[in-house]
Protein chains: 2
Amino acid sequence: MTVASRGPAPATYPVPHGAEQGGVVSRVTLQTIADRVGVSRMTVSNAFSRPDQLSAEMRRTILAAAADLGYVGPDPSARALARGTTGAVGVLLTESLGTAFLDPIAAAFFGAVAEELAPTGMAVVLLPSTSSEGMIPARDIPMDGALVYGCAGDYPAVDWLVRRRLPLVFVDGEPVAEASSVLLDERHGARLGAQHLLDLGHRRIGILTMNSTEPPGWAPDPAAAGSGFVARERQIGWVETLEAGGVTPVVMEVHDNAEPFVSQGARAILDGPERPSAVLCFSDLMAAAVVHAAEELGLRVPEDLSVVGFDDSPLARRLRPALTTVHQDFAAKGKAAAAALTSSIARFRAGEAPAPEEHRILVDLVVRDSTAPPRPA
Amino acid sequence: MTVASRGPAPATYPVPHGAEQGGVVSRVTLQTIADRVGVSRMTVSNAFSRPDQLSAEMRRTILAAAADLGYVGPDPSARALARGTTGAVGVLLTESLGTAFLDPIAAAFFGAVAEELAPTGMAVVLLPSTSSEGMIPARDIPMDGALVYGCAGDYPAVDWLVRRRLPLVFVDGEPVAEASSVLLDERHGARLGAQHLLDLGHRRIGILTMNSTEPPGWAPDPAAAGSGFVARERQIGWVETLEAGGVTPVVMEVHDNAEPFVSQGARAILDGPERPSAVLCFSDLMAAAVVHAAEELGLRVPEDLSVVGFDDSPLARRLRPALTTVHQDFAAKGKAAAAALTSSIARFRAGEAPAPEEHRILVDLVVRDSTAPPRPA
DNA sequence: GATCTCTTCTGTACCGATAAAGTAACCCAG
DNA sequence: CTGGGTTACTTTATCGGTACAGAAGAGATC
């Protein structure tokens with residue numbers, strides 16, 4: 001096995017002799033090394049953390065002793081306490097982490113965030129929104145700041161983060177005061193989709209979306225929670241534009257992103273008495289479900305039915321027919337979020353007052369093959 | 001805004017009066033609260049962490065005072081140091097995090113891990129394999145253990161984790177001694193695919209795979225690194241079976257998972273002098289590229305060309321024709337990995353010797369529409 | 001040769017908690 | 001009224017570092 005040669009500690013690792021005493025391995029700390037070399041603990045600390053504070057030779061001696069003792073580096077937890085920073089930032093999602101990863105939008109966003117954060121050396125901690133046996137990650141995990149992705153502000157975990165006074169950035173969700181936010185121009189995107197259909201001549205238009213308000217008695221579904229803000233914004237854009245064009249859409253809301261619910265919604269919207277000639281969808285996933293349902297009913301897309309998605313997920317291009325959809329730039333979103341967060345953290349460390357930034361990510365309509373003029377009645 | 005009612009601290013939060021002194025907010029710690037209530041610091045600690053150690057009434061008094069002072073809960077870093085556990089486990093990937101998320105296999109795996117870990121209250125830290133300005137996440141981030149996903153053992157970051165003596169679990173990669181592992185039965189999966197093609201009657205068979213060995217002078221590509229182990233295993237399975245069937249495959253290796261490289265490889269394998277009638281692919285992604293390349297050459301799948309994928313990613317079912325592929329159970333893999341890790345950590349905490357487990361995840365062949373008997377010459 | 005300025009180390013004072021052992025008060029049986 | 005068992009806190013001793021203000025010695029400056 002090849003051993004890494006980068007990093008301070010030489011590469012003779014699984015053999016920490018010298019640390020054992022009477023069979024018990026007492027833990028090696030800075031003090032152990034200091035005693036061995038005959039310097040103060042502080043000098044050893046500097047050897048690892050501030051190389052400019054000691055002579056190169058002394059540093060070499062110390063690192064050699066450390067390697068010999070099997071010392072890897074300053075204990076991260078102790079360092080975090082002493083320094084007041086952990087080197088990790090949290091990402092909170094409303095959806096269960098399991099489903100979040102299956103969502104290519106979210107995945108692409110994470111990717112961009114991680115990518116942007118990597119050069120700063122910060123790691124990303126995924127915060128389960130669930131808590132258990134007294135452990136509440138949003139409250140108990142050490143971190144320097146957090147990204148709140150698509151969560152409503154009244155979510156318990158968000159609340160903990162806010163109370164901790166951590167630097168926060170809200171993404172795709174309603175921000176709380178004093179925090180930065182990164183939002184899509186949802187309304188504009190929705191308007192573009194709606195206008196596109198109007199321009200093509202459609203007059204009977206359906207909308208398939210997430211529930212924007214919780215029906216009374218509806219327990220907030222973890223998988224759907226948080227989409228409320230986005231759903232509302234999009235709906236405003238759609239309805240605004242359609243009504244300006246003299247069209248009153250048929251709105252169908254589903255409460256859960258999962259396959260069966262979405263399919264059912266898709267079927268429902270096509271099965272109504274006055275079948276729409278076009279459907280605006282909350283997501284590409286829903287659009288795909290609509291296309292599928294149309295197929296089952298013997299309708300051809302786009303000849304018999306036009307379908308507009310949202311997000312321009314990878315799925316949109318792969319679908320047949322390729323989906324007309326509202327494109328959002330995931331990479332830009334992730335980058336903006338990561339940048340806003342690092343700057344918030346920097347401010348916070350410098351003791352400066354928070355300076356909430358508000359980033360708005362541009363969207364545009366990508367016209368592909370799933371939309372066409374309606375078939376003349 | 002609704003405020004969470006769970007958790008110890010009452011919900012009157014953004015107003016921490018009492019903490020301010022002369023305009024400066026001195027930090028509120030257990031001691032601050034202890035002084036205010038007139039008890040020892042330890043009692044306050046117990047009020048938060050070990051409710052059974054004090055009277056209910058005293059606890060109420062303390063929590064009230066804490067809330068009044070704007071105290072959220074014990075400082076995570078300090079607690080981590082004192083307790084010796086952080087509540088977070090790392091996940092190390094060789095690929096850059098950015099690309100990892102775009103890979104539905106990896107995403108599904110994470111999802112399953114996160115899901116499995118959630119009830120334990122542990123958070124997942126994503127460790128960038130890159131390091132910067134003295135910060136090496138694998139060495140410097142506090143964590144209780146880590147999952148090593150698809151990384152070669154000689155990877156620098158892996159090396160740091162090993163030296164830290166963290167409980168580790170290796171997934172889809174060569175494990176190091178004393179660590180548990182979760183592996184697919186790669187060879188068996190490859191054999192199934194190869195046998196399927198033989199059974200259909202194919203004799204000219206191509207293999208499109210990742211490079212299993214680094215060509216001399218080839219700088220390890222972060223996006224491809226770590227796939228070597230898996231690539232080798234699969235190749236052994238394929239070649240073994242094909243040769244047993246009297247077939248010598250044409251092997252084409254690509255060095256990078258990215259679109260252009262894969263497409264190029266796909267074209268290359270179909271453009272050769274003796275075009276194969278079937279191709280075994282390292283992944284569904286590659287299979288998709290082969291299907292696409294075939295389309296461009298005017299070949300029909302499966303009539304003119306059979307294609308077998310690997311992994312059974314979501315893509316496989318969506319593709320047209322639906323892909324025959326080797327199915328792996330991501331959820332089981334994630335679950336097994338998470339379980340192995342938590343048990344390793346538990347062992348470690350209890351001071352017991354590590355007991356490496358070796359999980360082997362079953363795979364099977366899913367025959368869909370991309371394979372058929374070869375067209376008679 | 002006194003003073004200044006580096007460079008290189010050292011001492012002290014935290015960072016904010018927890019574990020484990022100790023103590024005081026109380027209750028009840030014998 | 002003595003002794004054993006609880007309950008409810010308190011004491012003491014770390015956990016493993018880092019920041020910052022010296023201090024000691026070596027050159028450099030005038």
Side-chain angles (χ1 to χ4, degrees), chain A residues 19 25-35 37-62 66 69-87 134-135 139-142 144 164-165 349 351, chain B residues 8 19 25-35 37-62 66 69-87 134-135 139-144 164-165 349 351:
Chain A
V25 282
S26 68
R27 207 157 162 189
V28 180
T29 72
L30 290 182
Q31 191 64 60
T32 320
I33 302 168
D35 292 347
V37 178
V39 294
S40 80
R41 179 174 71 216
M42 204 54 229
T43 301
V44 180
S45 171
N46 285 333
F48 284 99
S49 305
R50 284 163 45 177
D52 56 318
Q53 297 293 300
L54 37 47
S55 69
E57 195 188 326
M58 175 59 89
R59 178 152 194 260
R60 237 172 291 124
T61 310
I62 291 175
L69 290 163
Y71 184 81
V72 180
D75 181 272
S77 291
R79 176 184 275 199
L81 176 57
R83 292 229 268 226
T85 96
T86 64
M135 173 67 158
R139 182 192 59 183
D140 300 326
I141 297 286
D144 296 336
R164 275 175 77 175
R165 307 277 161 82
R349 282 192 188 143
Chain B
V25 282
S26 68
R27 208 158 164 189
V28 180
T29 73
L30 289 182
Q31 192 63 62
T32 320
I33 302 169
D35 293 346
V37 178
V39 294
S40 81
R41 180 175 69 216
M42 203 55 228
T43 302
V44 181
S45 171
N46 284 333
F48 284 100
S49 306
R50 285 169 32 182
D52 56 318
Q53 298 293 301
L54 34 48
S55 68
E57 194 188 325
M58 175 58 90
R59 177 151 194 261
R60 238 173 288 123
T61 310
I62 291 176
L69 290 164
Y71 184 82
V72 180
D75 180 273
S77 292
R79 174 184 276 197
L81 176 59
R83 293 228 267 225
T85 100
T86 65
M135 172 68 158
R139 184 192 57 184
D140 299 327
I141 297 284
M143 50 190 157
D144 296 337
R164 275 175 78 174
R165 308 275 162 80
R349 284 195 187 139

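Proteins get letters first, then strands, A, B, ... in listed order; numbering begins at 1 in each.
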[X] side, atom [atom1]; [Y] side, atom [atom2] - distance, nearest 0.5 Å:
X	Y	atom1	atom2	value
A/T86	A/I141	OG1	CD1	10.0 Å
A/N46	A/R41	CG	CZ	12.0 Å
A/D52	A/R59	CG	CZ	9.5 Å

key: Contact check, side chains of B/I33 and B/Y71, non-hydrogen atoms, under 4.5 Å   =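 A side-chain contact exists here, since the closest heavy-atom pair is under 4.5 Å.
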
request  = Evaluate the side-chain proximity of B/R349 to B/D144: yes if any heavy-atom separation is below 4.5 Å, no if none is.
outcome  =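 SC-SC contact between B/D144 and B/R349 confirmed.
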
task = Would you mind building the protein contact string for nucleotides 5-17 of chain D? One character per nucleotide, 5' to 3', B for base within reach (heavy atoms under 4.0 Å), S for sugar-phosphate only, - for untouched.
result = ---SBBB-B-BBB

